[in-house]
Amino acid sequence: MCGGSLPRLLSFHAREEIIIRLLRRLSLGRIGISQLLHDDHRGPISVLVATPTAALSGGEDGTIRVWRVEDRHELPALRAHTRGVLALAFANRADDLLVSAGEDGRAGTAAGRGRLSADKRRLEGFHVIFRQLPKLSSGHHFGSRLVFDGKGHLFIALGENNQRSTSQDLDKLQGKVVRLYPDGGVPKDNPFVGRTDARPEIWSYGHRNQQGAALNPWTGRLWTHEHGPRGGDEINIPQAGGNYGWPLATHGINYTLLPIPEARGKAVEGTEAPHHVWEKSPAISGMAFYDAQRFPAWQHNLFIGALATQELIRLQLDGDRIVHEERLLGDLGVRIRDVRQGPDGYLYLLTDQKDGQLLRLGLAR
């Protein structure tokens with residue numbers, strides 16, 4: 001952390017606002033953007049907005065930062081043991097913090113739980129509740145998002161560590177969505193419980209590199225999204241026991257422009273088709289359903305960040321159907337890593353760059 005790098009700024013009561021007029025024909029009006037905070041740490045990956053005046057961010061350097069109106073500081077508990085904090089979520093209370101991170105050594109994703117101290121300066125009693133096994137990654141495709149379903153379960157969306165075939169292997173946790181209790185226990189009604197050839201934690205499989213997950217507030221169903229290879233980014237609504245295809249079914253090709261060796265086509269019998277697919281990859285990251293009252297025009301919309309195209313994607317929903325797509329904020333030229341709806345009804349965006357920014361977004365009145 002660079003302790004003197006917040007001049008003039010830009011607290012949660014932002015002093016600077018940029019108004020962007022959207023000229024797209026079906027846009028919902030002007031958008032106001034407040035740059036709240038910035039830091040020169042490397043690679044902010046995830047953000048968790050706790051209150052309108054406090055947020056936590058996780059970085060590629062393994063730190064968790066607490067941002068408040070009066071100060072900012074790091075939680076030191078994880079830095080020495082991780083390759084990066086991948087996701088943050090609160091469990092039952094606003095001090096009960098879940099963290100997923102890439103572990104050192106022969107790497108894989110792990111999740112742990114601890115209590116945020118009253119002064120928000122320490123993560124107390126931190127302990128690991130889940131490890132992705134076996135350890136296969138050399139530093140790629142960790143994936144990882146944390147979502148609570150409101151019924152006492154925790155979903156963790158995992159990458160396949162760039163080991164394609166493992167997504168189809170039920171004895172491995174690569175390329176899976178797993179469903180646990182918040183203490184790491186396995187629910188007895190998970191789809192593969194009792195099978196000797198499968199991990200009981202698995203909820204769904206056949207995923208590639210999952211970079212977004214959120215609970216649809218109107219249906220209570222989990223939505224996830226993942227990077228395709230060259231093309232084929234997709235949204236899924238993972239069902240218990242479902243096979244979402246990778247690497248057998250994909251809309252993408254290899255970065256070498258050659259076909260994926262295992263691929264049999266865009267649709268393969270026995271696999272689930274994507275709920276939505278981008279033939280040209282925006283490199284999607286972060287996901288937030290909007291159900292707040294502050295901006296009614298955004299109700300029943302899904303917002304997703306884009307790294308490659310440097311945009312915010314707005315998807316308008318009719319039930320589960322995606323009926324319209326709009327690309328926003330391309331003028332800013334920033335990679336958007338995470339998107340969250342805050343408790344105040346604003347959207348909060350985390351940019352992925354050395355001078356990482358936390359932005360607050362709303363419709364200008």
Side-chain angles (χ1 to χ4, degrees), residues 83-84 86-87 100-103 106-111 130-147 154-180 186 190-192 195 197-213 222-255 259-278 281 283-285 287:
R83 295 191 175 199
L86 303 172
S100 72
E103 287 192 305
R106 190 64 174 172
T109 300
F130 167 82
R131 282 190 168 93
Q132 184 184 38
L133 296 172
K135 298 280 190 177
L136 298 177
S137 178
S138 58
H140 301 285
H141 295 191
F142 288 106
S144 192
R145 288 295 185 265
L146 303 168
V147 177
L154 168 66
F155 289 106
I156 308 178
L158 299 166
E160 35 76 289
N161 299 156
N162 205 24
Q163 306 285 330
R164 293 187 299 262
S165 63
T166 61
S167 292
Q168 294 294 317
D169 295 339
L170 292 177
D171 62 343
K172 299 179 180 65
L173 292 176
Q174 280 72 23
K176 311 298 191 295
V177 173
V178 300
R179 178 176 177 254
L180 306 170
V186 176
N190 272 7
F192 298 105
R195 283 183 49 169
D197 62 339
R199 300 282 309 205
E201 302 96 328
I202 295 172
W203 178 256
S204 62
Y205 64 107
H207 301 283
R208 187 175 181 266
N209 188 19
Q210 300 182 93
Q211 293 289 315
L222 176 71
W223 288 42
T224 66
H225 68 56
E226 60 194 72
H227 288 179
R230 189 182 180 96
D233 289 7
E234 61 187 51
I235 295 174
N236 293 300
I237 307 177
Q239 303 299 302
N243 179 358
Y244 289 83
W246 178 255
L248 307 178
T250 179
H251 287 249
I253 59 174
N254 230 321
Y255 297 111
I260 301 297
E262 301 90 343
R264 303 175 190 170
K266 294 181 178 180
V268 174
E269 185 176 357
T271 68
E272 306 292 333
H275 184 68
H276 186 74
V277 66
W278 287 271
S281 294
I284 47 183
S285 187
M287 173 188 277

With side chains defined as the heavy atoms from C-beta onward, is the minimum distance between [X] and [Y] less than 4.5 Å?
| X | Y | answer |
| --- | --- | --- |
| Asn236 | His207 | yes |
| Pro247 | Gln168 | yes |
| Leu158 | Val177 | no |

Minimum heavy-atom distance between [X] and [Y], given as atom pair plus value:
| X | Y | result |
| --- | --- | --- |
| Lys172 | Pro134 | CG-CD, 3.7 Å |
| Ser281 | Pro229 | OG-O, 4.0 Å |
| Leu146 | Ile156 | CD2-CG1, 3.7 Å |

So, taking the atom named [atom1] in [X] and the one named [atom2] in [Y], what distance separates them when rounded to the nearest 0.5 Å?
| X | Y | atom1 | atom2 | value |
| --- | --- | --- | --- | --- |
| Phe155 | Trp223 | CZ | CH2 | 15.0 Å |
| Arg131 | Thr109 | CZ | OG1 | 12.0 Å |
| Gln132 | Thr166 | CD | OG1 | 8.0 Å |
| Lys176 | Phe192 | NZ | CZ | 9.0 Å |
| Asp169 | Asp197 | CG | CG | 11.0 Å |
| Ile260 | His251 | CD1 | NE2 | 13.0 Å |

Could you check whether any side-chain N or O of [X] sits under 3.5 Å from a backbone N or O of [Y], counting only pairs where one atom can act as donor and the other as acceptor?
| X | Y | answer |
| --- | --- | --- |
| Lys266 | Ala273 | no |
| Trp203 | Asn190 | no |
| Asn243 | Ser204 | no |
| Tyr244 | Ile237 | yes |
| Asp233 | Gly228 | yes |
| Glu226 | Arg208 | yes |
| Thr250 | Gly252 | yes |
| Thr271 | Val268 | yes |

Checking Trp278 now: which residues fulfil side chain to side chain donor-acceptor pair (under 3.5 Å) with it, not counting sequence neighbours?
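Counting only residues at least two positions away or on another chain, Trp278 forms a side chain to side chain donor-acceptor pair (under 3.5 Å) with Glu325.
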
Tell me if the CZ atom of Arg264 is crowded by more than 12 foreign heavy atoms within 6.0 Å.
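Open.
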
What do the steps show when you test Leu154 against Val147 for side chain to side chain contact (heavy atoms under 4.5 Å, CB included), and what is the final call?
CA-CA 6 Å; Leu154 168 66; Val147 177; 5.9 Å; no

Before accepting this row, confirm whether a basic side-chain N of the pair Arg164/Glu262 lies closer than 4.0 Å to the acidic partner's carboxylate O.
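Judged by the 4.0 Å cut-off on N to carboxylate O distance, Arg164 and Glu262 do form a salt bridge.
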
Would you check if there is a donor-acceptor pair between the side chains of Gln174 and Asn161 at a distance under 3.5 Å?
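Gln174 and Asn161 do have a side-chain donor-acceptor pair below 3.5 Å.
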
Under the side chain to side chain contact (heavy atoms under 4.5 Å, CB included) criterion, do Leu170 and Arg199 qualify, and how do the steps go?
CA-CA 6 Å; Leu170 292 177; Arg199 300 282 309 205; over 6 Å; no

Could you walk me through whether Thr224 and Met287 satisfy the side chain to side chain contact (heavy atoms under 4.5 Å, CB included) test, starting with their C-alpha distance in whole Å, then the side-chain angles of each, then the deciding distance to 0.1 Å, before giving a yes or no?
CA-CA 8 Å; Thr224 66; Met287 173 188 277; 5.8 Å; no

Tell me every residue that passes side-chain contact (heavy atoms from CB on, under 4.5 Å) with Ser167, counting only those two or more places apart in sequence or in another chain.
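Expected list: Glu160, Trp246.
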
Can you list the steps and then say if Gln211 with His227 is a side-chain hydrogen bond (donor to acceptor under 3.5 Å, both in side chains)?
CA-CA 7 Å; Gln211 293 289 315; His227 288 179; 5.0 Å; no

